[in-house]
Number of protein chains: 2
Amino acid sequence: MPQHLIRKLEQFTRLSSEDKWALEDAASRKARLVDPHQDIISEGDNPQHVNLILEGWACRYKHLEDGRRQIISFFLPGDLCDPHVFVLREMDHSIGTLTPVRLAEISGDTILNLTDHHPRITKALWWEMLVSAAIQREWTVNIGQRMGVERLGHILCELFIRLRGVGLADGDSCLLPITQTDLGDATGLSNVHVNRVLQELRGAGLIVLRGKRLTIPDLEALQRVSLFNVNYLHLDREGRHFDTIGSDQVQA
Amino acid sequence: MPQHLIRKLEQFTRLSSEDKWALEDAASRKARLVDPHQDIISEGDNPQHVNLILEGWACRYKHLEDGRRQIISFFLPGDLCDPHVFVLREMDHSIGTLTPVRLAEISGDTILNLTDHHPRITKALWWEMLVSAAIQREWTVNIGQRMGVERLGHILCELFIRLRGVGLADGDSCLLPITQTDLGDATGLSNVHVNRVLQELRGAGLIVLRGKRLTIPDLEALQRVSLFNVNYLHLDREGRHFDTIGSDQVQA
DNA sequence: CGCCCGCTTGACCCATGTCAACGTCGGTGG
DNA sequence: CCACCGACGTTGACATGGGTCAAGCGGGCG
């Protein structure tokens, strides 16, 4: 079931078959289907378990009193919503779906069990948590400093590369199943301006966006225009240099 | 030495004398003085230890290729710079001082030792890490959605409350030892506009800012204007309801 | 004493927001 | 099967928050 999660973690470290089996077991205990535009967990709630997105897109978001909404991060298939929120008693933001979502609810005990017995999973989950934090920081930079074109270009690069990392890209294209208003809420731009900027990116041949399919004919070019530096995604797998010898025994 | 850290953690949980002693020991192994506007660790470096700010202000920041700078977060006395970055091999951003800084370098081993033997410290460090993440998210909201006045008001509220939490507020005022340009780099506004917005806040009697001293005569009023909701700082100490009976034995 | 950094102010401009109308498409019910 | 509807995308006109540039000012420090 959790191919996307496994694929994501394997960008960082190799996992043994037992590791993978344990992840599959953990992810198959309790499934849940959520309709689009529903909260998975709401601000003020007390989180009871970790949610693993199996299918569909979700997001963290926050509403201001006057209705403005900021999308704080996107959750794609393979993403975990806060492996460790249990320490805090109350959600300070909400997590909601953007599309229909299939997710696995993983209990705190299951997580503890996983990490107790699988050091490589532990380390991989640390990596995934630290990368999430790095993405959050990059969003601060993105929204704080980049102009509209760069800002949208940047987020499209990020989403494409993340999707590719979990096996959801098809060559130079991927699905982008969200609205322009969603993109605006994520970038701090109005939906109208998002539309204009997308036209501009299209006009420059940097993206093709038809229906829900995004194509990036020249990813490097889009990265250049968007001042996108991939290093914050930390895709430099540890022990990558061992890959050629095909060992499954790399030290963690 | 690390009174500020201890004070901060005690906002979340009670610490025993042994806990505190262990923290003091860890923080007194290796000290370092850093001049203002110097990097503590630079993008691309390989982090070797955790830095605990003892005195002065620092920040996380990132430069874009064309020179724009975004301050991603502030480090105040008592703040830890990334307790767990060791998992990643390379810094994707820099940490630099804003003022003269005195810090303690804490080795990974020392941290492990602390957490192995002091469950309450472990939990408190988790809390501090999750709160840092919550602050980062709130900055995304701040920069993405709030107007200049709200945005600056919000960050001033946050800084004041964080400083008060570590014992660095004096009634309704605190030191703000950074420039307006720094504030601009943190909020995604130009220094000129920061200046104008500060005038506006001053004009409305919401802040008094003279030299490096910030006074907030009516914190609630400033919070209201800034759409500031304190919940993201998670100051709801666990077991707070035990405080009245004065126990030092609260279960962790 | 003089210099430099940071603060302040004014003039002007542009990126982006707001408002409003219209188009398009897919779904749904009569 | 068609009519309607709602959600989303698109476009134009206009407003404005905030950026940029440039000059002046003031105080701390060498």
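Note on naming: letters A, B, ... go to the chains in the order of the sequence lines (proteins, then strands), and numbering restarts at 1 for each one.
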Between [atom2] on [N] and [atom1] on [X], what's the gap in Å once rounded to a whole number?
{"X": "B:Asn191", "N": "C:dG6", "atom1": "CG", "atom2": "P", "answer": "10 Å"}
{"X": "A:His193", "N": "D:dA15", "atom1": "NE2", "atom2": "P", "answer": "19 Å"}
{"X": "B:Glu200", "N": "D:dG17", "atom1": "CD", "atom2": "P", "answer": "9 Å"}
{"X": "A:Arg68", "N": "C:dT18", "atom1": "CZ", "atom2": "C1'", "answer": "14 Å"}
{"X": "B:Gln180", "N": "C:dT9", "atom1": "CD", "atom2": "P", "answer": "10 Å"}
{"X": "A:Arg210", "N": "C:dT24", "atom1": "CZ", "atom2": "C1'", "answer": "15 Å"}
{"X": "A:Arg151", "N": "C:dA15", "atom1": "CZ", "atom2": "P", "answer": "13 Å"}
{"X": "B:Asn195", "N": "D:dG19", "atom1": "CG", "atom2": "P", "answer": "12 Å"}

Can a salt bridge be assigned to the pair A:Asp182 and A:Arg69 using a cut-off of 4.0 Å between side-chain N and carboxylate O?
->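 Salt bridge: yes.
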Describe the nucleic acid contact of [X] in one word from base, sugar-phosphate, nothing, applying a heavy-atom distance below 4.0 Å.
{"X": "B:Thr179", "value": "sugar-phosphate"}
{"X": "B:Arg202", "value": "sugar-phosphate"}
{"X": "A:Gly188", "value": "sugar-phosphate"}

Taking atom types as modelled, is there a side-chain donor on A:Thr140 or B:Gln70 under 3.5 Å from an acceptor on the other?
->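 Side chains of A:Thr140 and B:Gln70: no pair found under 3.5 Å.
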Would you please say whether a donor-acceptor pair under 3.5 Å links the side chains of B:Glu43 and A:Asn231?
->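 A:Asn231 and B:Glu43 do have a side-chain donor-acceptor pair below 3.5 Å.
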Return the orientation label for the A:Tyr232 and A:His154 ring planes: parallel under 30°, perpendicular over 60°, tilted otherwise.
->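 Parallel: the ring planes of A:Tyr232 and A:His154 meet at under 30°.
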The side chain of B:Leu189 lies closest to which of these nucleotides: C:dC7, C:dG10, D:dG18?
->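 The closest nucleotide is D:dG18.
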Between D:dG9, D:dG12, D:dT20, which nucleotide gets closest to the side-chain atoms of B:Val192?
->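 That would be D:dT20.
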Any N or O donor-acceptor pair linking the side chain of A:Arg196 to the base of C:dT18 at under 3.5 Å?
->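 Yes.
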For B:His37 and for B:Gln199, locate the closest nucleotide of DNA chain C by heavy-atom distance; then report the residue assigned to the nucleotide nearer the 5' terminus.
->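 This one resolves to B:His37.
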Output, in order, the C-alpha distance, side-chain angles, deciding distance and verdict of side-chain hydrogen bond (donor to acceptor under 3.5 Å, both in side chains) for B:Gln199 and B:Asn195.
-> CA-CA 6 Å; B:Gln199 306 291 347; B:Asn195 184 279; 3.2 Å; yes
